[in-house]
Each structure stands twice: as C-alpha cells, then as structure tokens.
Amino acid sequence: MGVAFAIVLMKDLLAVIMLLGIYGLLSASFFVAMDAVDVAFTEASVGAGIATLLMLVAISITGRSENPVRHKPFLALAVVIITGGLLIYGTLDMPYFGSAAAPIHQHVAPRYINDSMQEIGVPNIVTSVLASYRAFDTFGEVVVIFTAGIGVLALLLVVRRPKDIEKIDSLNESMHEEHLILRIVTKMLIPFIMLFAFYVQFHGDFGPGGGFQAGVIFAAAIFLYAMLFGLSTARRVINQSLIQILAATGVLLYGSVGVVSLLNGKEFLDYSALSSDPVAGQHLGILLIELGVGVTVASVMAIIFFSFAGRSEKKLLQDNKDSQ
Amino acid sequence: MDTLVQISSGFFLLVGSFLCISGGVGILRFPDFYTRMHAVGVTETLATAMILIGLILHNPEFLVDIKLMLILLMTLFISPSASHALANAAMRNEMLQANENKPDSESEQVKPSNP
Amino acid sequence: MLIAATIAILVVMIMAVTRAIMGPTLYDRVLAVNMFGTKTVLLISLLGFVMGRPEFLDIAIVYALINFISVIGVLRYSDNFMLKRDGQNKN
C-alpha cells in the first residue's frame, strides 16, 4: 500500500512508471501466494511488462512531469471516500474468503471442476473455462483488443515522407554504436523469447499459459528488437500492413471457428461439431481459437507500439528541426 | 547419498541468501550510484546462481530441472548485460565521473601515506 | 531451509523498494527496480517449491525476460530524452 501512495503522490512520471512496475510485480506475487497461476502469469507479463513499456513510449511524447493541479479536489475526495466506504460496508456481508458455503462455489464452479476432464479432456481448467465453456466472452475480449488497436491506428497513424525517413535513419544510427554488447546479447535472446512464446501458447492446455500471455510475450520480443535496432529497421522486418492483416486474421479465425460450428448444425462456438469425436473436436477448437487470440494480441500490441513510437520519432525530429 | 544431496542443497541455499542480503544492505548503505551498482551487479548474479543450483539439487524431477537450468542460463546472460547497459547509460547521459563528487578533505587524506 | 531463503529474499525486496522510493537520481531507481525484478524471479521459484507446484517456473522465466526488456526500455527512453535535451542545449 505504501507503493500505491507513492504512486499517487509523486509528480515525476518516470519514477511513477517504475513504481507501477513494482506494483504490478507485487500483485503478481500475491496471486502466486494465493495459488492462482494463470492470473499471476498474465499479470506478470502484461501488468509489469507491456504496460510499463507502452507508458514509457507515451511519456516520451508527453513529457516527464505532471501538470500542476489548478484547484483543490476536495469534492472529488469526498465522493471517493463515501463510495469506498459504501463498498467496504457492502463487503462485510460477504462470506469468508474460500469458505465452502459461498455462492460462487455452489452453482457453476462444481460443474466445471467435476465435468471438465470428461467433456473437454484438457487438464488446465482455466483454459477449458476460458476457451470452451465461456468462449463467447473470450470472443468479446478479443474483439475489444482489436477495436483498441483500430482506435490507436485511427488516432495516431503517422504518414512518413521519404526524406523524413532518411533523417530518422541517420538519427537512429548515430545513437546505436554504443549498444554493441546489448545488440549481440539480444540477437541471441530474441529467438529464444519467440520460441518461449510459442511454448506458452501451445502448452496452455497443460500448464499456465494460453493465447493472451503468448501474444504479449511475442510482442515483447518485437519491442526489444525495435528498441535496440531502431524503429525503421524493425519496420522493415515487420511492416505495417502485415501486422494490420495479422490482427484482423486472428479475430477472423476465431469467428470462423464459430461459424463452422454453426454450419455443421450446432450452436455458435460449440466445438463438438468440428470432428466426429466430441473431445477431439474440443481440442481442435481450443487450439484454433487460442491461436487466433495469440495472433491478434501480438499484432495489436505491435500496432500500438509502432504508432506511439512513430509519433515520438516525429516529435523528436520536429524538436531538432525547431531548435536548429 | 540422499542426505548428502539435501545437505549440499541447503548449503547452496544458505550461501545464496547470505549473498542476497549483503547485496540488499549494500544498495541501502553505499554512498554513490556507482558503488551501489557494484554491490548489486556482483551479488545479484552469484546469489541467483547459488539459489538456483540449490533448488536443482533439491528436486529430482527432470522437466523442472531443465526449466531451472534454463532460468540459470538466461540470468547468466541477462543480468551482466543489464548492469553494463545501466552503467553505460548513466555515465554517458547524466552522471559525471564518480571522482568529481568527492569533497576535497577526502583526497587530502591520501597524502600522509607517502613517506 | 527453503522457507529461510524465502524470508531472506522478502527482506531484500523490501530493501530494494526502499531504495526505489528514496533514490535521488533516476538511475538509482532503475537499479532498484532491476534488483527487485531479479529477486522476484527467485521468490516465485522458491514459492513454487514451498507450495509444491513447480508450474510457477514458467512465470519466473517470463519475468526474467520482462525485467530485462523493461530495463532496456527505460534506458532507451532516457537516451532519447538526453538527446533532445542535448540538442536544445547545443543550439
């Protein structure tokens, strides 16, 4: 809680980002202590990793310190305290943490825990709930991520003229000879990170993992490459149209699996329609939609990063031009 | 044989935790950024290696050992490069050489040792 | 013995957070966060063994990688910032 207070009270945004990284890690450690492996995985990769990186790129555009507050926010403080107090009062009625009589343990959860192995045959119950019992919700999540990517593209797309590209290249080259050791180490690490992302993706049935975490780890490898080797080199490797097509393909894959189930006579996203043996159909369905989720998450993260960094480069270029 | 493995695992864990704590004390008590970097960078990698070797010896399963060795190998690559990058960036960007911060009275104390 | 090591690492993590909040310059804070990250990797591995669930090692691997990438991210950001400031100072 000390970390949370420090985050709110400090004005230097870079220090705030560091502290947010620590906060995300502390949350991940709590989840580990509560024996929730998948949630800890997602929190560690997204909250402590990608969020920090994206916020760093954002403040490279906006500047490092907060604007001073112009009025005393007493009314807001009062509203927050009253709402918080009401919420805490509401939770006093809740059953104790983990007690067997709590409503969430009575209705749906025992069915998932008891029947998941026979109906779906996947050892990791979180994956089976996320990908099969509640597949429609996960479809909604993927569409939300895709929409966020489209929103960022619509707001921040930077059209680069050819002479700007040369100037940006020279700017990047002059900064990068100092990073020789890092470049060599990174060249060895990046294939490993991508391989690990694939491992997490396909091992999500048996251990913690799944599409979301794998997409985030894959995007982290792309960020690392772009940060050390220059944005223009990274764009030549993975160009803008490719990641846009990939983002759309992921969502399309997910939807198509549902539509194929529809065409075979069952409900939308009912995987037992995909093959003659229902359990094998479930496996195939889960594999395909996790792949769709992973592809979309990785491409949308790359889109967001490239848009932010492209803006920040343009601003850097303009600042250099203005001061000359 | 089994107790020997358990005892050596406990020994590695103990040495690792001691190094860890000394690194922590170092980061709190040393006066300057570069000295703190020295404390953390050296003890961090070695403590990680010791604790991971202790865990490998503690556990007989094969897949878990492979993953632990993977973490060890990655830390041996990553941790020194991160320390290098940090020190390099600090020196290049903002912080001057460490000697410039010392007050004059400290440099005078060196002189009486010369006969 | 595992529990003693876990407690030791928790103590070190609290020390690192203290330095992160206290540290006068930016690089002190980056150093403290880096150290916190490495100790978290160890903490997660140890907790996995203490609780008998070695699947946590995947999280430890991810976290080691993310720690590295974050430190490099902060350093590249400060490079850009310094470059902009030097560009303004020169002219």
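Every heavy atom of this structure was used, including side-chain atoms; hydrogens, water molecules and symmetry mates were not. Keep in mind that what you see is a predicted model, and the values were worked out from it rather than measured. Numbered from 1 within each chain, the chains take letters A, B, ... in sequence-line order.
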Approximate separation, where rounding is to 0.5 Å, of C:Phe68 CZ and B:Ser79 OG: 10.0 Å

Heavy-atom proximity to chain B below 4.5 Å, by part of C:Ala64: both

For B:Leu28 against C:Arg19, the heavy-atom pair lying closest together: O-NH2, 3.0 Å

Trace of the side chain to side chain contact (heavy atoms under 4.5 Å, CB included) decision for B:Thr48 with C:Val41: CA-CA 9 Å; B:Thr48 309; C:Val41 171; 5.9 Å; no

Separation of C:Ile61 CD1 from B:Met74 CE (nearest 0.5 Å): 5.5 Å

Value rounded to 0.5 Å, distance of CG in C:Leu75 from CG in B:Asn88: 9.5 Å

Side chain / backbone / both / neither for C:Leu31 at chain B, heavy atoms under 4.5 Å: both

For the student: nearest non-hydrogen atoms of B:Glu44 and C:Lys39, plus distance: CG-NZ, 3.6 Å

Interchain contact, B:Ile71 with chain C, by part (heavy-atom threshold 4.5 Å): side chain

Passing candidate, side-chain contact (heavy atoms from CB on, under 4.5 Å) with C:Leu57, options B:Val64, B:Leu63, B:Ile66, B:Leu70: B:Val64

Greater than 12 external heavy atoms within 6.0 Å of B:Leu4's CG: yes

Mutual orientation of the aromatic rings belonging to C:Phe49 and B:His58 [parallel < 30°, tilted 30-60°, perpendicular > 60°]: perpendicular

Greatest number of heavy atom pairs closer than 4.5 Å to chain C - which of B:Gly23, B:Ala82, B:Cys20: B:Cys20

Nearest heavy atoms of B:Ala89 and C:Tyr27, plus distance in Å: O-OH, 3.8 Å

Min side-chain heavy-atom separation C:Ile9-B:Ile51 under 4.5 Å: yes

Non-hydrogen atoms of C:Val12 and B:Gly24 that approach each other most closely: CG1-CA, 4.2 Å

Structural part of B:Met37 lying under 4.5 Å from a heavy atom of chain C: both

Contact origin within B:Ile27 toward chain C - heavy atom pairs under 4.5 Å: both

